[in-house]
Amino acid sequence: MSYKVDYHMHSYYSDGTMKPTDLVRMYKEKEYDIIALTDHDGVDGISEAVIAGEALKIKVIPGIEFSTGYDFDERELELHLLGYHIDIENQPLRERLKEIRKDRDVRNEKLLAYLNGLGYELTREDLLQRPGQTYVGKPNFARAIARKGYEIENLWEVLDTVKKDKISIFKAMELIKGAGGMSVLAHPMKTKKLAELRSDAFWDALERILRDLKKHGLKGLECFHPSATEEDSLRLVNLAGKYHLHITEGSDFHGE
Ligand SMILES: [Zn+2]
Ligand SMILES: [Zn+2]
């Protein structure tokens, strides 16, 4: 028997738009069997999603997505790392997430000041979409800018001007493992600074990265994701097989 699964999605506890319960209900209505909630740098939506899953009879796996740094050929790549089956009460994990949240707040203040300096009148309140929101990411900036009626050319480049400190991928894998979970490399085709490479150079680079991460405990590769063409997915599946990695599938859903 085959299951209908989606191992990658975001709720309004990170940069998605939906409440975890509504997200779970939507997947149930679409007849999914197993889903994983993988909010960025946080687990605040997990308890609600798991309870909703129990009530609605759909399996919800506690997950997370870290934005990590990885030194590769004298540059730092940003790799996204998914963690599954994590114990969200794990203390080292929770403490590190608090620090990451602080780094994000620092980045947001600087980015806000930068945008104000460019003449865009945005306030901290403009970035919030609901009461009690604690996570503010670049999509929140993008939505606030759109709501104010501003049009910024190269919007995402502008939003990338102010960088935040990133956790190393090895540290993130260690945290996931420490919390009883497994690490999966997310959407390789979306990796900035790699995706621009010529095809053969890209695949060579990716294989070197996978070999290295596998040595450090990587357990899976997200082979099916909207960023991968059918042909890409086939190559990713081959690579996963070569390095004995689980093959996962995720939509990276952020809300309608
Ligand atoms: Zn990602
Ligand atoms: Zn994601």
Side-chain angles (χ1 to χ4, degrees), residues 5-20 23-24 26-27 32 34-46 49 60-70 72 76-86 88 97 100-101 103-104 107 129 135-143 156-157 159-160 163-169 171-173 175-176 181-196 202 206 209-210 213 218-229 232-233 236 240 245-256:
V5 302
D6 187 343
Y7 288 127
H8 189 158
M9 67 190 64
H10 300 275
S11 77
Y12 72 18
Y13 282 95
S14 64
D15 58 0
T17 59
M18 289 172 78
K19 184 173 161 53
L23 201 52
V24 173
M26 186 195 83
Y27 274 92
Y32 277 77
I34 309 172
I35 60 173
L37 178 60
T38 52
D39 275 319
H40 295 284
D41 305 331
V43 293
D44 293 347
I46 298 292
V60 177
I61 295 170
I64 191 165
E65 180 174 24
F66 284 105
S67 306
T68 73
Y70 178 72
F72 184 73
E76 192 190 41
L77 296 179
E78 181 176 323
L79 297 179
H80 286 194
L81 185 73
L82 296 156
Y84 296 111
H85 297 289
I86 46 168
I88 61 166
L97 289 177
I100 292 175
R101 190 57 57 94
D103 290 342
R104 180 176 291 281
R107 190 275 314 266
Q129 280 158 220
Y135 178 101
V136 174
K138 282 179 278 181
N140 295 105
F141 279 88
R143 286 174 201 142
W156 294 97
E157 270 170 49
L159 295 180
D160 254 340
K163 307 267 184 221
K164 68 177 185 313
D165 289 340
K166 283 190 277 293
I167 184 173
S168 92
I169 196 161
K171 181 69 199 168
M173 287 203 291
L175 281 175
I176 290 168
M182 58 182 268
S183 295
V184 172
L185 183 66
H187 49 61
M189 310 309 295
K190 246 182 88 177
T191 309
K192 281 174 228 153
K193 296 187 220 169
L194 266 197
E196 294 92 86
F202 169 85
L206 180 61
I209 293 168
L210 285 177
L213 296 182
L218 188 76
K219 296 286 185 211
L221 181 63
E222 190 177 51
C223 298
F224 298 93
H225 180 275
S227 62
T229 64
D232 296 333
S233 291
L236 292 170
L245 296 167
H246 288 290
I247 295 159
T248 73
E249 168 167 12
S251 67
D252 217 346
F253 185 72
H254 281 74
E256 308 289 4

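Each ligand, and each atom within it, is numbered from 1 in the order the structure gives.
Listed by chain and number, the protein N, O or S atoms at a distance under 2.8 Å from the Zn ion (ligand 2) are His8 NE2, His10 NE2, Glu65 OE1, Asp252 OD1.
The aromatic rings of His10 and His40 lie parallel to each other, with less than 30° between the two planes, well short of the 60° mark. The aromatic rings of Tyr70 and Phe72 sit parallel, their planes meeting at an angle under 30°, below the 60° perpendicular limit.
Scanning both residues, Ala228 and Cys223, for their nearest heavy atoms gives CB-O, 4.1 Å.
A distance of 12.5 Å separates CG in Leu79 from NZ in Lys190, rounded to the nearest 0.5 Å. Residue Lys219 holds its NZ atom at 14.5 Å from CG of Leu185, rounded to the nearest 0.5 Å.
A donor-acceptor contact closer than 3.5 angstrom links the side chains of Asp6 and Tyr27.
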